[in-house]
Amino acid sequence: MFFDEEFDVIVIGAGHAGCEAASAASRLGAETALITINLDLIGQMSCNPAIGGIAKGHVVREIDALGGIMGRIIDRTGIQFRLLNRSRGPAVQSPRAQADRSLYRVEMRRTLEETPNLHLRQGIVVKLIIENKSVIGVELQDTRCLKASSVIIAAGTFLNGMIHTGPRTFSAGRAGEPASIDLAENLKSFGLSIGRLKTGTPPRLDGRTINWSAFEAQPPDDVIVPFSFSTETIEQPQIQCYIGYTNENLHQEIRNNLDKSPLYSGKIKGIGPRYCPSIEDKVVKFADKNRHQLFLEPEGHHTNEVYLNGFSTSLPAEMQQNLLNKIEGFENVKIIRPGYAIEYDFVDPRQLKPTMETIQINGLFLAGQINGTTGYEEAACQGLMAGINATLKIQSRKPLILQRNEAYIGVLIDDLIKHGVDEPYRLFTSRAEARLTLRHDNADQRLSPKGFEIGLVGQSEWERFNAKRDRISLLKNTLNTTKFTRSSLEYAYISETLGIRLGDSITLSQLSIRQGVKQEFIRRFLPDDVNANISATDMETAFSDILYQGYLPNQQSVNERVLNHENLKVPENFDFCEVKGLSNEMVDRLKRTQPQTFGQVRKIPGLTPAAISTVLVYLTANQKKIESNK
């Protein structure tokens, strides 16, 4: 067969999954082609122009630690950085940044164009070329055929994409771009199990028509936490976002017009994301709430466009306008782009190996929303792992597989390939059994050695990482070995200043985890040579390691107990409402599945480790009572 060009790896789609996949493969030495429908929309933020958030910020840090690019791009283009959950423990704190949408796209393309071995191609892939159950290339709509040893599909919402706005329905991958219909049908022809999911976006507003004084300002952090471990300063000027609320008048209008929503008229068949529901869903499913929070997020320094986070909708455009005008501050607002819902095909991820390669077709890898996930960050980490493993496979090297206790990326992939999805999958810290050690601040300590070993982390980055690791090791040793007794001046000063009893003695490590003790206070007692080289982030990591050290044995014990009860029986028609401590969502998942053993409980998609442990505790504690009620 004649091929117009030959590559080692071909990546289909240039969203967040495709960009990471192409970058990783090419930097590992593979001649890589990145094929996309429109080269001007590489790295397009189709939905919210933001990166990070709870668990998602952890993932971006892990991507960076392995040598990925998302963290560096958002650090160069972010216009509002915030560390979420500052008031809670370090394990659940997570960075988030609002991006300048157009600048992010420009910076992503510039980065990819400067990457050796990476070749950008514009076109629509209509067919995979398969021989003996192995992929050998792709065919484009313009009849070009490109050869490759591995192909990565990162098609986002483009596979048989269908957009809904009120009664109007049309084929599209996202607004203004054609759907990928031929490739979707081609995948079905290979016997892959295909499903249907749905997601949506809110209207974009003209900021000049908003009465900003009616909304609560949400400023950026004074001290910015960047995403990349290599970023020293954030250069972009920072902006304010704003918070607003819907009202009961708006809610009633939606109730009166639910028949105009394709979500409730029956036109949309795909399952939508539980954790990012449309405004119609919020009004119906949370009828007891008389208002829902909205976030007004400017899309960049040089645009008037504002993203209305929290108002995803598929209602008719004219109704969207009418609803928004009922909100104080939006009396005169104008919509630049109405919101819409989109249905698309996805491939059941249980057909994947841990490397992201399909079981049925050798050399074919899938990454991103095609695997049933939602979110830029979830897509990007899959793209990174697919790009890495597609290249390692070609190079006859050992694959990179991250375990659940090593990374949130490992949790995500393990959830997908073992349990599949029954709705768009979103990552949360609650999905990880080892979340005390899977913090955003120590992602480099966990993963950079792996990134260096495979060749994605460069020599200068590796040297910086080792210097940091040595500093933290020295600091922890100093904190553990510096002890003050009752007879010392330091002991008296600490006791008097903090107004606390210290016992016979206290170490700096014990002092560091006491509530209200700040870094500056600990620094007073550190030797000058240690103090001079330690950064604030070094201290945060050391303090967090010390804080959670005592909890780790219990975490390990709980995890082992869960694994040792696979055959524990669950009574037929058991009412899971009896189990105290389960959320309504967890009860709903258990009821729908009706597991017969605890081993089956563990395999239910979306069930958190905490919920699994809670069910186990109840079943074992009440085993005799349950059996007597049979």
Side-chain angles (χ1 to χ4, degrees), residues 9-22 24-25 34-37 43-44 46-47 124-128 130 135 138 150-162 171-174 177-199 270-273 342-361 363-390 409 412-413 415-417 419-427 605:
V9 175
I10 289 175
V11 180
I12 302 172
H16 303 279
C19 289
E20 288 290 349
L34 176 59
I35 307 173
T36 181
I37 293 174
Q44 171 78 322
S46 309
C47 197
I124 299 176
V125 176
V126 296
K127 180 181 177 182
L128 298 177
I130 307 292
V135 66
V138 302
S150 290
V151 172
I152 301 169
I153 302 180
T157 60
F158 280 73
L159 295 179
N160 269 330
M162 188 70 68
S171 174
R174 56 189 172 204
E177 294 181 80
S180 182
I181 298 172
D182 292 330
L183 181 59
E185 296 307 310
N186 186 233
L187 288 176
K188 291 179 184 177
S189 72
F190 300 130
L192 292 170
S193 177
I194 307 291
R196 198 83 171 146
L197 292 175
K198 166 256 174 186
T199 189
I271 305 299
I342 182 167
E343 283 186 288
Y344 56 94
D345 286 351
F346 80 101
V347 176
D348 187 337
R350 288 174 293 186
Q351 300 166 103
L352 297 177
K353 301 174 184 177
T355 59
M356 311 305 292
E357 184 180 19
T358 58
I359 295 170
Q360 291 94 326
I361 303 173
L364 178 63
F365 295 74
L366 307 180
Q369 282 178 286
I370 191 173
N371 293 330
T373 60
T374 180
Y376 305 147
E377 305 81 3
E378 288 90 340
C381 73
Q382 292 175 70
L384 176 66
M385 298 305 291
I388 289 172
N389 285 313
I409 298 175
L412 180 147
I413 294 175
D415 280 351
L416 291 179
I417 67 174
H419 306 312
V421 298
D422 54 7
E423 62 186 36
Y425 177 98
R426 180 179 178 181
L427 195 61

Is the closest side-chain heavy-atom distance between [X] and [Y] below 4.5 Å?
X: K353; Y: N389; value: no
X: V9; Y: V11; value: yes
X: T199; Y: P273; value: yes
X: R350; Y: I417; value: no
X: F190; Y: L364; value: no

Over all heavy atoms of both residues, which pair between [X] and [Y] is shortest? Give the atoms and the distance, please.
X: D348; Y: G420; result: OD1-CA, 4.3 Å
X: C381; Y: E378; result: SG-O, 3.3 Å
X: I37; Y: P178; result: CD1-O, 3.7 Å
X: I271; Y: P424; result: O-CD, 3.4 Å
X: I181; Y: S171; result: CD1-OG, 3.7 Å
X: L34; Y: G18; result: CD1-O, 3.9 Å

Tell me whether [X] contacts the main-chain N or O of [Y] through its side chain, where contact means a donor paired with an acceptor under 3.5 Å.
X: N371; Y: L366; result: yes
X: Q351; Y: S193; result: yes
X: E20; Y: A380; result: no
X: T157; Y: G173; result: yes
X: Q382; Y: G368; result: yes
X: T373; Y: Y425; result: no
X: Q369; Y: T374; result: no

So which of E177, H16, R174 actually passes side-chain hydrogen bond (donor to acceptor under 3.5 Å, both in side chains) with S46? R174
Would you compute the distance between atom [atom1] of [X] and atom [atom2] of [Y] and round it to the nearest 0.5 angstrom?
X: I152; Y: E357; atom1: CD1; atom2: CD; result: 10.5 Å
X: L192; Y: N186; atom1: CG; atom2: CG; result: 9.5 Å
X: M385; Y: M356; atom1: CE; atom2: CE; result: 8.5 Å
X: I359; Y: L352; atom1: CD1; atom2: CG; result: 7.0 Å
X: I153; Y: F158; atom1: CD1; atom2: CZ; result: 14.0 Å

Decide whether E185 and N160 meet the rule of one side-chain donor and one side-chain acceptor closer than 3.5 Å.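 The answer is yes; a qualifying pair exists.
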Hey, mind stepping through V347 and T358 against side chain to side chain contact (heavy atoms under 4.5 Å, CB included) and telling me if it holds? CA-CA 10 Å; V347 176; T358 58; 5.9 Å; no
Assess whether side chain to side chain contact (heavy atoms under 4.5 Å, CB included) is satisfied between T355 and F365, documenting all intermediate values. CA-CA 8 Å; T355 59; F365 295 74; 4.2 Å; yes
Got more than 12 heavy atoms from elsewhere within 6.0 Å of NZ, K127? no
The criterion is ring pair (Phe, Tyr, Trp, His ring centres under 6.0 Å); which residues satisfy it with Y344, sequence neighbours excluded? none
Take L128 and L187 through the side chain to side chain contact (heavy atoms under 4.5 Å, CB included) test and state the conclusion after the steps. CA-CA 8 Å; L128 298 177; L187 288 176; 3.8 Å; yes
Decide side chain to side chain contact (heavy atoms under 4.5 Å, CB included) for V151 and V125; before the verdict, give the C-alpha distance in whole Å, the side-chain angles of both, and the deciding distance to 0.1 Å. CA-CA 11 Å; V151 172; V125 176; over 6 Å; no
